[in-house]
Amino acid sequence: MSRSLLPVVCCALGLLLPLMALTSSAPTDISQKAHDLHFRSIVIDTHDDTTQRLLDPKFDLGVRHPDGSVDIPRMREGGLGGIFFSIYIPGSITGPEAVKRALDQIDAVRQTIAKHPKDLALAETAEEVRRAHREGKIAALMGVEGGHMIANDLGVLRSYAALGVRYMTLTHMLNTDWADSSTDKPAHNGLTDFGKDVVREMNRQGVTVDISHVADKTFCDALEVSQAPLIASHSSCRALCNAARNMTDDMIKALAAKGGVIQINYHIGFLDQKFRDAEAAHPEIEKEIEAETKKRCGADESCELVEGDKVLREYVEQGKLPRVEWTEIIEHIDHAVKLVGADHVGLGSDFDGANMPFGMEDATHLPQITDALLAKGYSDSDIQKILGGNTLRVMEAVEATSKRLQGEKP
Ligand SMILES: [Zn+2]
C-alpha cells in the first residue's frame, strides 16, 4: 500500500484504498524474443495488496475481473509466477485487534490457495517457488506490511512465520513503538533496542527484513543489525522522484552491498516528480477526488476501491493532473541497475494498493517490462534476475541465515 493521493490516503485514515481503473488498456505488442524470455522466467512480484479483496467472500481470484489489477487469469496472461500477498492493516490499529485482523488476512490467503490448488501453491522457500513454477502453478507468498501487527510480541512474529509469512515491513506509514516510519515524526532515532531484537528474531525465523516505508535512520539500523540481506519490497528511486518512501542512491548502494534488492514500486506518486509536484501544488484536488468518490459510493468500501482510481484518472484525462506512463518503471529500474548492477533490482508493483501508471493497469502488462529491458540492451540473464532471480537469491540467503542461527546445518 503506497497511495499518496485520493480517498487514497486510506493508509492514514484507515480506509480501504481504491483499486485500479476499470479502463485498462490492452498490453502493447512485444517481440517474440521478449515473450519467450518472459514466459520461461520465474517472474516474482514482492508486493500486492489484492489480499484486501480476498476478504470479500464474493470475490473470486479465479475469474477475470474488469477492475483491480490481479486475479489468476491475468497473472497467467502476464506470466507472473510468484506473488507476495501483502498482509496490511493501517498503522493506527494496534494490539490484539491488529493481530486478529492480520490473522484473518493470512487465513484469507491460505483459503484462497486451498480453493485453487491447480493454479496456486503456498511457497515458503525459494525451492518451493521453483517447484511451483515447474508444476505450472503460481507461487503464493505472504509479507506482513507493518511491524505494528506483531503487537510488540516476538511470539506473534514467530507465529506469523510459522503460518508462512516470509517478509515483514518494519513500519507502515506511522511509527511503531520500536521503529520510525518515513512518513511520521521521528520518535526513536531509527530502531529501539526492542526493534533491533525484532530484526534479530526475523533473521532467526527466516523472515526477510523489508525496509520499504521506514525512515532512513531505521533503514541504517536494520542494515547494521541484520545478518541476512534485506529487501525494499515496494520502493523506487528518490533521485528520480523525491518521495520519502523512495530510496536515495546511497541507500540503494548500502542495501546492495549487503546483498539486498530494491523492488521497484509502480505507484505514480513514487515514479514521477511532475505528478508529486502537481499533488503538492493542488491539495484541493485530493479533497475533490475524495468527495466525488464518496458521492458515487456512499459508505460502500468495495465501491470506493474501484471508483476512487477511476475519478483520479478522470482528473488526469481532464489535464488537471499529469499523466504518468508505465515506461517510467523502466527508468527507475535502469537508474538502480546503473548504480548497483542487475543483481540488486526487482519488481514490487503495489498492484491493488496504489495508482498505476498508464499502460501498467494490471498484471497482463508485465511482459512489456521484459521487452523494454531487452530493447535497452539488457542481457537475458540480467533480465531474469530482475524479474525474480534476485528475489530467490535473497530468500535463499535468508533461509541459510535462519538455519545457521537455529544451529542447523545450512
Ligand atoms: Zn506500502
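One-based numbering, in listed order, for ligands and for the atoms of each. Computation of the quantities below employed the complete heavy-atom set of this structure, encompassing side-chain atoms and omitting hydrogens, waters and symmetry-equivalent molecules. Residue indices begin at 1 and follow the sequence shown.
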request  = Check step by step if ring pair (Phe, Tyr, Trp, His ring centres under 6.0 Å) holds for H234 and H267.
outcome  = CA-CA 9 Å; H234 59 311; H267 174 53; over 10 Å; no
The Zn ion (ligand 1) to nearest N/O/S of [X] less than 2.8 Å:
X: D49; answer: no
X: H47; answer: no
X: H234; answer: yes

Sub-6.0 Å ring centroid separation between F59 and H65 = yes
ask   = Could you walk me through whether V109 and I106 pass the side-chain contact (heavy atoms from CB on, under 4.5 Å) check?
value = CA-CA 5 Å; V109 172; I106 291 169; 5.9 Å; no
N/O donor-acceptor pairs under 3.5 Å from side chains in residues 384-394, not counting sequence neighbours:
from, atom 1, to, atom 2, distance (Å)
Q384, NE2, S41, OG, 3.0
K385, NZ, D343, OD1, 2.7
N390, OD1, R393, NH1, 3.1
N390, ND2, A342, O, 2.7
N390, ND2, D343, O, 3.4
N390, ND2, V345, O, 2.9
N390, ND2, K385, O, 3.3
T391, OG1, Q263, NE2, 3.1
R393, NH1, D343, O, 2.8
R393, NH2, G259, O, 2.9
R393, NH2, D343, O, 3.0

key: Proximal heteroatom of E145 relative to the Zn ion (ligand 1) (N/O/S)   =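 The nearest such atom is OE2.
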